[in-house]
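These notes are about the structure you will find just below.
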Number of protein chains: 2
Amino acid sequence: MEKYFSTIIHGDCIEEMKKIPDNSVDLIFADPPYYLQLPKGKRLKRSNGTEIIPVDNDWDSFESYEHYDTFTHAWISECQRILKPTGTFWVIGMYHNIFRVGTIMQNLGLWFLNDVIWVKTDALPNLNGRRFTNNHETLIWSVKSKDCKKYTFNYELMKKMNGGKQMKDTDWIFGLCRGNERLKDENGIKAHPTQKPLKLIQQVILAASNKGDVVFDPFMGSGTTAVVAEALGRKWLGVERDEKYVHLAINRVKDFIAKKV
Amino acid sequence: MEKYFSTIIHGDCIEEMKKIPDNSVDLIFADPPYYLQLPKGKRLKRSNGTEIIPVDNDWDSFESYEHYDTFTHAWISECQRILKPTGTFWVIGMYHNIFRVGTIMQNLGLWFLNDVIWVKTDALPNLNGRRFTNNHETLIWSVKSKDCKKYTFNYELMKKMNGGKQMKDTDWIFGLCRGNERLKDENGIKAHPTQKPLKLIQQVILAASNKGDVVFDPFMGSGTTAVVAEALGRKWLGVERDEKYVHLAINRVKDFIAKKV
DNA sequence: GCAAGGCATGAATCTACAT
DNA sequence: GATGTAGATTCATGCCTTG
């Protein structure tokens with residue numbers, strides 16, 4: 001286990017998790033593919049003619065709900081296995097996928113503590129006036145099983161961060177990841193399509209882990225979990241399937257450590 | 001069909017829906033049992049010693065997730081059948097049940113428009129400091145199938161009600177049903193454990209139906225959907241299994257009509 | 001240097017119509 | 001019916017240019 005810490009493993013998360021012992025991580029944060037089912041190749045345009053770049057990456061493509069469910073069941077059951085009885089497991093998603101994710105979690109015996117709503121402050125408006133603006137994502141917060149009562153939750157810290165009042169599942173109000181925080185490629189284009197804001201992950205890690213705890217992320221992407229865990233003195237470990245993102249995340253963490261020292 | 005309008009049918013909603021023709025209702029609002037899985041007989045107490053009355057009614061008891069799913073699949077597939085291609089179907093729930101409900105809806109081919117968050121302004125605080133305050137419920141808004149594009153949505157009205165800006169899925173901020181609005185029995189105790197606020201149902205009906213449309217509610221409970229539909233000039237129809245609530249709702253609607261005239 | 005305004009852009013299940 | 005093209009539509013934020 002120890003040899004792994006503070007590294008991003010390039011590989012399939014299910015295969016890599018199989019190498020991790022039972023009951024060995026304190027906190028899991030997972031940002032899996034959402035299976036958006038957007039039409040391939042079609043681009044929505046703003047009135048000024050600029051295009052909206054959708055998430056139509058290969059990693060978000062599945063043949064059917066059934067295929068998505070099989071994949072989801074596989075990685076979630078590994079997460080459940082490696083999670084300590086005192087640990088907690090977070091998954092983020094949207095209405096496209098979160099209901100399926102939640103059902104599979106319950107079927108596996110994971111026990112829900114909350115469904116937390118990340119309310120966005122600067123989401124893309126609905127461009128055709130046929131729906132309500134899609135302005136939030138949902139985080140499911142769970143424990144390994146119903147009888148896990150002694151999980152880590154820094155209630156008082158959350159209360160303090162919320163101005164002295166008990167933090168609610170709807171008090172998670174953050175902007176999207178943009179500006180200088182958003183990683184860009186050599187052409188100035190966003191380097192990862194779904195980079196999450198530091199503040200969001202920070203709140204998760206502060207709420208549900210302590211210094212020295214092991215934080216695991218099966219879909220490391222641009223490495224936000226790694227940077228926040230490193231900054232907050234947690235041990236961490238991540239898996240990422242796409243080599244391009246592995247390099248992105250490793251460099252990001254290196255940069256962060258270099259600037260800190 | 002016509003003979004049914006503006007009535008509350010006493011019976012099992014699945015059996016009663018079977019009598020309703022295909023493609024015949026414009027809007028369905030459903031507030032099904034949440035399957036809270038609270039321990040029977042246990043009562044939480046406030047610090048002043050008073051008891052919190054939980055929802056532990058028989059209608060919320062199921063043997064297992066599987067039984068809940070079977071029941072859910074049955075009533076939702078009937079709703080899908082009776083819904084017009086131009087109509088929309090709303091279901092409200094919490095983290096205990098909404099993920100299962102959403103998965104079953106997707107499996108049946110219902111297509112999601114939004115998941116709307118009802119943010120409460122006066123929810124019960126978390127009493128033991130082991131979770132975030134549970135401050136919202138989730139409404140899934142859907143159409144009969146993916147290809148139903150011409151559904152009713154009063155976009156401009158919603159925008160106007162939201163101060164001239166596009167209404168978001170997180171702009172649904174209402175207090176709980178309390179005070180004079182909350183129905184009481186002869187002893188002054190709440191007459192129905194989960195009575196929904198008028199404002200919430202009003203926003204649903206205003207958003208997704210027009211005058212003269214048919215609104216259906218398979219779990220009528222205290223009759224909130226009936227009262228709002230009546231007030232807004234919609235035709236309506238409801239089913240309720242518990243005879244006590246049927247009488248409650250009928251009297252409530254009668255009172256409402258009497259006061260209006 | 002500072003204020004004002006221009007402009008780019010965000011996990012998006014788009015709609016209507018013609019062929 | 002399936003497929004392709006044109007069209008209408010939006011809000012908050014932050015960086016950058018201009019004055």
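Naming convention: chains lettered A, B, ... in sequence-line order (proteins, then strands); numbering from 1 in each chain.
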Checklist entry - How close or far is atom P of C:dA11 from atom NZ of A:K196, stated in whole angstroms? => result 7 Å
Next on the checklist: Can you identify which nucleotide, out of D:dT5, C:dA11, D:dT9, has its nearest atom closest to the A:D60 side chain?
Outcome noted: C:dA11
Next on the checklist: Does A:D56 reach a base, just sugar-phosphate, or nothing at all? Heavy atoms under 4.0 Å.
Outcome noted: nothing
Checklist entry - Which is true for B:K146 with a 4.0 Å heavy-atom rule: it touches a base, it touches only sugar-phosphate, or it touches nothing? => result nothing
Item to check | Ring center gap for B:W141 and B:F89 short of 6.0 angstrom | outcome: no
Checklist outcome for this item: Judged by nearest nucleotide, the residue sitting upstream toward the 5' end of DNA chain D, B:Y155 or A:R178, is B:Y155
Checklist entry - Given the P atoms of C:dG10 and D:dG7, what is the spacing between them in whole Å? => result 25 Å
Item to check | Donor-acceptor side-chain pairing of A:R182 and A:S222 below 3.5 angstrom | outcome: no
Checklist entry - For A:P197, which contact category applies under a 4.0 Å heavy-atom criterion: base, sugar-phosphate, or nothing? => result nothing
Checklist entry - Taking for each residue the nucleotide of DNA chain D with the nearest heavy atom, is it A:D122 or A:P125 whose nucleotide lies nearer the 5' end? => result A:P125
Checklist entry - Tell me: CG of A:N126 to P of C:dC14, nearest whole Å? => result 10 Å
Item to check | Euclidean distance, atom CZ of residue A:R43 to atom C1' of D:dG4 [Å, nearest integer] | outcome: 17 Å
Next on the checklist: Does A:R182 reach a base, just sugar-phosphate, or nothing at all? Heavy atoms under 4.0 Å.
Outcome noted: sugar-phosphate
Checklist entry - Distance only, no hydrogens: is a donor on one side chain within 3.5 Å (strictly under) of an acceptor on the other, for A:N162 and A:D171? => result yes
Next on the checklist: Any donor-acceptor pair under 3.5 Å linking the side-chain atoms of A:S64 with those of A:H67?
Outcome noted: yes
Checklist outcome for this item: What residues 79-94 of chain B contributes to the DNA chain C interface at heavy-atom separation below 4.0 Å is none
Item to check | C1' atoms of C:dT9 and D:dT10, separation to the nearest Å | outcome: 12 Å
Checklist outcome for this item: Given the options B:Y151, B:W172, B:F216, B:F219, B:W90 meets ring-ring contact (aromatic ring centres under 6.0 Å, His included) only with B:W172
Checklist entry - Looking at the angle O4'-C1'-N9-C4 for a purine or O4'-C1'-N1-C2 for a pyrimidine, is C:dT15 syn or anti, with syn meaning within 90° of 0? => result anti
Checklist entry - Mind checking the C1' distance from D:dT9 to C:dA16? Whole angstroms is fine. => result 14 Å
Item to check | First encountered from the 5' end of DNA chain C, between A:P39 and A:K120 | outcome: A:K120
Item to check | P spacing across the pair D:dA6 / C:dA12, given as an integer number of angstrom | outcome: 24 Å
Checklist outcome for this item: Separation between CZ (A:F256) and CG (A:L198), nearest 0.5 Å, reads 9.0 Å
Checklist entry - Among C:dT9, C:dA12, D:dT10, which nucleotide sits nearest the side chain of A:T50? => result C:dT9
Next on the checklist: Distance alone, cut at 3.5 Å: any donor-acceptor contact between the side chains of A:R100 and B:T103?
Outcome noted: no
Next on the checklist: Given C:dT13, C:dA11, C:dT15, identify the nucleotide with an atom nearest to the side chain of A:R130.
Outcome noted: C:dT15
Checklist entry - Roughly how far, to the nearest 0.5 Å, is OG1 of A:T194 from CE of A:M94? => result 11.0 Å
Checklist entry - Ring stacking, B:W111 with base of C:dT13, under 5.5 Å and under 30°? => result yes
Checklist entry - Distance only, no hydrogens: is a donor on one side chain within 3.5 Å (strictly under) of an acceptor on the other, for A:E63 and A:Y68? => result no
Checklist entry - In whole Å, what is the span from the CG atom of A:N97 to the P atom of C:dA11? => result 14 Å
Checklist entry - Rounding to the closest angstrom, what is the interatomic distance between D:dT17 and C:dG1 at atom P? => result 16 Å
Checklist entry - Nearest of C:dA11, C:dT13, C:dT9 to any side-chain atom of A:E137? => result C:dA11
Next on the checklist: Please determine whether a side-chain nitrogen or oxygen atom of A:N180 lies at a distance below 4.0 Å from atom OP1 or OP2 of D:dC15.
Outcome noted: yes
Checklist outcome for this item: When rounded to whole Å, the CD to C1' distance for the pair B:E156 and D:dT10 reads 12 Å
Next on the checklist: Between B:N107 and A:Y65, do the side chains contain a donor N or O and an acceptor N or O under 3.5 Å apart?
Outcome noted: no
Item to check | B:D31 side, atom CG; B:E137 side, atom CD - distance, nearest 0.5 Å | outcome: 7.5 Å
Checklist outcome for this item: Rounded to whole Å, CD of A:Q195 lies from P of C:dA11 at a distance of 10 Å
Checklist outcome for this item: On DNA chain C, more 5' by nearest nucleotide between A:Q37 and B:K150 is A:Q37
Checklist entry - In which ranges does DNA chain D form stems of 3 or more consecutive Watson-Crick or G-U pairs, distances under 3.5 Å? => result C:2-10 with D:11-19, C:14-19 with D:2-7
Checklist entry - Salt-bridged, A:D56 to A:K40, with N to O below 4.0 Å? => result no
Checklist entry - A:P193 near the nucleic acid: base, sugar-phosphate alone, or nothing, with a heavy-atom cut-off under 4.0 Å? => result sugar-phosphate
Checklist outcome for this item: Side-chain contact check for A:K190: nearest option of C:dT13, D:dA8, C:dG10 is C:dG10
Next on the checklist: Classify A:W118 by what it touches in the nucleic acid, base, sugar-phosphate, or nothing, heavy-atom distance under 4.0 Å.
Outcome noted: nothing
Next on the checklist: Side chain of B:K149 only, heavy atoms from C-beta on: which candidate in C:dT13, C:dA11, C:dA16 is closest?
Outcome noted: C:dA16
Next on the checklist: Any side-chain N or O of A:Y35 below 4.0 angstrom from OP1/OP2 of C:dT13?
Outcome noted: no
Item to check | B:Y151 side-chain N/O to C:dT15 phosphate OP1/OP2 under 4.0 Å | outcome: yes
Item to check | Polar side-chain contact A:N128-C:dA16 base: donor and acceptor under 3.5 Å | outcome: no
Checklist entry - Once you round to the nearest 0.5 Å, how far does CG of B:L110 lie from OG of B:S145? => result 8.5 Å
Next on the checklist: If I take atom NZ in residue A:K45 and atom C1' in nucleotide C:dT9, what distance separates them, rounded to the nearest angstrom?
Outcome noted: 16 Å
Checklist entry - Below 3.5 Å, does any donor atom in the side chain of A:R46 face an acceptor in the base of D:dT10, or the other way round? => result no
Item to check | Distance, rounded to the nearest Å, where A:L176 contributes CG and C:dA11 contributes C1' | outcome: 10 Å
Next on the checklist: Once you apply a heavy-atom cut-off of 4.0 Å, does A:T194 come out as touching a base, just sugar-phosphate, or nothing?
Outcome noted: base
